[in-house]
Amino acid sequence: MKINKDKLPIKYILGIEKDLPDYPTALDVLQAEVKLCNRNPDRYKGSFTFHALKTYRFPESDHDKILESAKELVTMGLCEQTNEEPGKEAFKIIQNPFE
């Protein structure tokens, strides 16, 4: 997955997204995952789990907020939920708005 800096919101270019009150938003979650896919395409293929989000990507954030943001990506049509089992929720990126 590619990242086009012209389509990237300014908060990610400046690195201030963590300082904003609604962090992590749905786009914060998506941007973090796309960034991983871009950095290491052999390991990250565009799928992610709630467990990985709360443990590795956003460990200091509220777990309910993280899950709500991930599910919002489904509502936005940017991801699909591939596992709905509580605690094992998984998602797949189907559209990259940063490309």
*Mind checking the SG-CG spacing from Cys37 to Asn96? Nearest 0.5 Å is all I need.*
8.5 Å

_Quick check: closest heavy atoms across Ile3 and Lys35, and the distance to 0.1 Å?_
CD1-CA, 3.9 Å

*Just wondering, more than 12 heavy atoms not from Lys18 lying within 6.0 Å of its NZ?*
no

*Looking at NZ of Lys54 and CD of Glu89, how far apart are the two atoms once the value is rounded to the nearest 0.5 Å?*
8.5 Å

_Among residues at least two apart in sequence or on other chains, which ones pass salt bridge (charged side-chain N to carboxylate O under 4.0 Å, His left out) with Glu84?_
none

*Heavy atoms only: give me the nearest Asn83-Gln81 pair and the separation to one decimal.*
O-NE2, 3.1 Å

_Are the side chains of Phe48 and Cys79 in contact, using a 4.5 Å heavy-atom criterion?_
yes

*CG of Asp62 to OH of Tyr23: how many Å apart, nearest 0.5 Å?*
13.0 Å

_Same apolar cluster (I L V M F W Y, side chains within < 4.5 Å links), Leu73/Ile94_ = no

_Closest non-hydrogen atom pair, Thr49 against Ala52_ = OG1-N, 3.0 Å

*Criterion side chain to side chain contact (heavy atoms under 4.5 Å, CB included) on Thr25 and Lys11, from CA distance to verdict*: CA-CA 12 Å; Thr25 66; Lys11 67 181 180 178; 3.8 Å; yes

*Could you tell me how the ring of Phe50 sits relative to the ring of His63: parallel (under 30°), tilted (30 to 60°) or perpendicular (over 60°)?*
perpendicular

*At their closest point, which heavy atom of Ala26 faces which heavy atom of Ser69, and how far apart are they?*
CB-O, 3.4 Å

_From Arg57 atom CZ to Asp28 atom CG, the distance as rounded to the nearest 0.5 Å_ = 14.0 Å

*Under a 4.5 Å cut-off applied to non-hydrogen side-chain atoms, are Val29 and Phe91 in contact?*
no

*Is the number of heavy atoms from other residues, nucleotides or ligands within 6.0 Å of NZ (Lys65) greater than 12?*
yes

_With Lys5 via side chain to side chain contact (heavy atoms under 4.5 Å, CB included) - residues at least two apart_ = none

*Candidate pair Lys7 and Glu99, rule side chain to side chain contact (heavy atoms under 4.5 Å, CB included), full reasoning*: CA-CA 7 Å; Lys7 293 186 178 181; Glu99 195 165 41; 5.9 Å; no

*Find the distance between OG1 (Thr75) and CD (Glu68) and round it off to the nearest 0.5 Å.*
10.0 Å

*For the residue pair Val74 and Glu80, what are the closest heavy atoms and their distance?*
CG2-C, 4.1 Å

*Is it the case that Asn38 and Tyr44 place a side-chain donor and acceptor less than 3.5 Å from each other?*
no

*Out of curiosity, Met1 CE to Lys45 NZ, how far, rounded to the nearest 0.5 Å?*
10.5 Å

*Decide yes or no on side chain to side chain contact (heavy atoms under 4.5 Å, CB included) for Leu78 and Leu27, but give the supporting numbers first.*
CA-CA 10 Å; Leu78 300 173; Leu27 287 181; 4.2 Å; yes

*Any link between Leu36 and Ile13 through a network of hydrophobic side chains (Ile, Leu, Val, Met, Phe, Trp, Tyr) touching at under 4.5 Å?*
no

*Determine, using the 4.5 Å side-chain heavy-atom cutoff (strictly less than), whether Met76 and Leu30 are members of one ILVMFWY cluster.*
yes

